[in-house]
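Computed from heavy atoms alone, side chains included, the values below leave out hydrogens, waters and symmetry copies.
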There are 2 protein chains.
Amino acid sequence: MDTLPRPGLRERKKRRTRDALVRAALELFTSKGYEGTTVDEIAEAVDVSQRTFFRYFAGKEEAAFAVLEMTEAHFLDLVRERPPHESPLEALRRAVLENWDTLNETIESVIPVELHMRTFQLIESTPALLAVHLRRTAVLEEKLAHLIAEREGLDVDADPRPRVAVAVFSGVMRVTGQRWSTGDDISVESIRTLTTAYLDQVGPALAKGWNVQGKTDGDTA
Amino acid sequence: MDTLPRPGLRERKKRRTRDALVRAALELFTSKGYEGTTVDEIAEAVDVSQRTFFRYFAGKEEAAFAVLEMTEAHFLDLVRERPPHESPLEALRRAVLENWDTLNETIESVIPVELHMRTFQLIESTPALLAVHLRRTAVLEEKLAHLIAEREGLDVDADPRPRVAVAVFSGVMRVTGQRWSTGDDISVESIRTLTTAYLDQVGPALAKGWNVQGKTDGDTA
DNA sequence: GAGGCTAATGGCAGCCACTGACACTTGACG
DNA sequence: CGTCAAGTGTCAGTGGCTGCCATTAGCCTC
């Protein structure tokens, strides 16, 4: 209540309805499965009509990504705040980690962190949602590429390096998310650790002779 | 007619129906748009019932990816055939290029190359199709990671490098496809050239000081 | 080459996601 | 308080997709 004047009753009501819809949707999705949940059920749980649901969300999927969207926006802010002396990949890496560290503050007004983590897992394991997730990620990547290009004073379309760097970073993050979601530790610390571990492997993975160089930790092969 | 004995009339008929459905679907998609085309229209163009369409394809999308699927299978074969002395990224690079070079032989029995290229473009520009495309790519990546791990005699789950290498490669390929599809040159040579150009940028993009090192070609910034 | 088996197909009823149109309710504001 | 607009509910309709059952058409055997 210091940046915005005062929301007004109408706005507050809208926000409450929307948050309730998101909560109900995620709760249902994570318990009965995404396809096993109908829009009517979500609407009924919040006591609004199906039509109203579609006034808040363009589709059933959109409700599933509402919270993720908040964290992505926050991530972009964090990248913007990284000091200019850091290399692109370094800045991205620190921003991601910071994003995990501040996750709770970002989303607590809508849902508890635990439900969000289960949602993340659901997305990775539901083909229809995974597809949308990947497309959304592609959009995010484009924004990131522009940010990085700006940081380095380059033209995104003239110099391929911003997009390539982001593609590399993003590709590794995907592998991380996938591995995390199929493991048994669903905690935030778990994905934080995985993130650093995989990012550290980019250099070695691009080296020519894998077997000769060996990895850092014990490896019997 | 040397590997397989003889398909039998029933099988041939099925194959013809399927190919006809793919052709009709792609023709309609690329001319009227994906969402602007109904399954009934596709079925009617081939003179079968809507129900039959869904016996050949699990969904409307699947018809859009039928040809792409063939090229991906061929690509995997090419990767398998790369000599063991090549580094993972080198093998992947050569396999992709070879795949473009042999594209026509791979798909000519179903549709002309030109229609395939327009389909590719359609996929990249249609959100619903792009989403599915990216998920399919993720599945392909997983197979690739296993192939690479096998090549190098590693365990995919113990060593992160195969997945990371594939993620990097795949990320770059995505940027390539996106750039190609939004350009004006829809030719195969065009995407071939772009492929090599972008893959050559992986090294430079990961370097620390972008501005100091500069790019290889003229750059006024 | 007649008859039986099974795969392939068509037609139909129904579910669900989603949309447009219209009428009704309810904050906002002079 | 009355007007206006934003928000909501209802309903009818479209399109993707599935299950069920009846019908057709290759295939195989005698």
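- Between Glu152(B) and Arg161(B), every side-chain heavy-atom pair lies at or beyond the 4.5 Å cut-off.
- Atoms CD (Glu44(B)) and P (dG15(D)) sit 13 Å apart, rounded to a whole Å.
- Atom CZ in Arg15(A) sits about 16 Å away from atom P in dG7(D), given to the nearest Å.
- If you check the side chains of Asp185(B) and Ser187(B), you find a donor sitting under 3.5 Å from an acceptor.
- Dashed line: the shortest gap from a side-chain N or O of Thr52(B) to OP1 or OP2 of dG10(C) is under 4.0 Å.
- Within a 6.0 Å radius of CD in Glu44(A), no more than 12 heavy atoms belonging to other residues, nucleotides or ligands are found.
- Across all strands, Tyr56(A) comes closer than 4.0 Å only to sugar-phosphate atoms, never to a base (heavy-atom distances).
- For Arg10(B), whose side chain is taken as the heavy atoms from C-beta onward, the closest listed nucleotide among dC17(D), dA7(C), dG7(D) is dA7(C).
- The shortest distance between the side-chain N/O atoms of Lys14(A) and the OP1/OP2 oxygens of dG7(D) is below 4.0 Å.
- Between the CZ atom of Phe57(B) and the C1' atom of dA8(C) there is a distance of 15 Å, rounded to whole Å.
- Put simply, CD on Glu11(B) is 14 Å from C1' on dA25(D), counting in whole angstrom units.
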Each nucleotide N or O in nucleotides 19-23 of chain D that has a protein N or O under 3.5 Å away: list the pair and distance.
unit_1  : atom_1 : unit_2   : atom_2 : d
dG19(D) : N7     : Arg51(B) : NH2    : 2.8
dG19(D) : O6     : Arg51(B) : NE     : 2.6

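- Glu62(A) has its CD atom 13 Å from the C1' atom of dC18(C), to the nearest Å.
- To the nearest angstrom, P of dC18(C) lies 12 Å from CD of Glu35(B).
- When atom types are taken as modelled, the side chain of Arg151(B) and the backbone of Arg82(B) share a donor-acceptor pair closer than 3.5 angstrom.
- The side chain of Val39(B) lies closest to dG16(D) when the candidates are dA17(C), dG16(D), dA8(C).
- Side chains of Glu142(B) and His146(B): a donor on one and an acceptor on the other come within 3.5 Å.
- If you measure from atom CD of Gln50(A) to atom P of dC18(C), you get 9 Å, rounded to the nearest angstrom.
- Here the C1' atom of nucleotide dT9(C) and the CZ atom of Arg18(B) are 17 Å apart, to the nearest Å.
- Contact check, Lys13(A) against dG27(C): a side-chain N or O comes under 4.0 Å of OP1 or OP2.
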Original post:
What's the verdict on salt bridge (charged side-chain N to carboxylate O under 4.0 Å, His left out) for Glu11(B) and Arg15(B), showing C-alpha distance, side-chain angles and the deciding distance?
Top reply: CA-CA 6 Å; Glu11(B) 290 306 311; Arg15(B) 161 112 206 227; over 6 Å; no

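- Phe53(A) comes within 4.0 angstrom of nothing in the nucleic acid, heavy atoms only.
- Within 6.0 Å of atom CD in Glu108(B), more than 12 heavy atoms from other residues, nucleotides or ligands are found, so the atom counts as buried in its surroundings.
- Take the nearest nucleotide of DNA chain D for Phe54(B) and for Thr17(A): the residue whose nucleotide is more 5' is Thr17(A).
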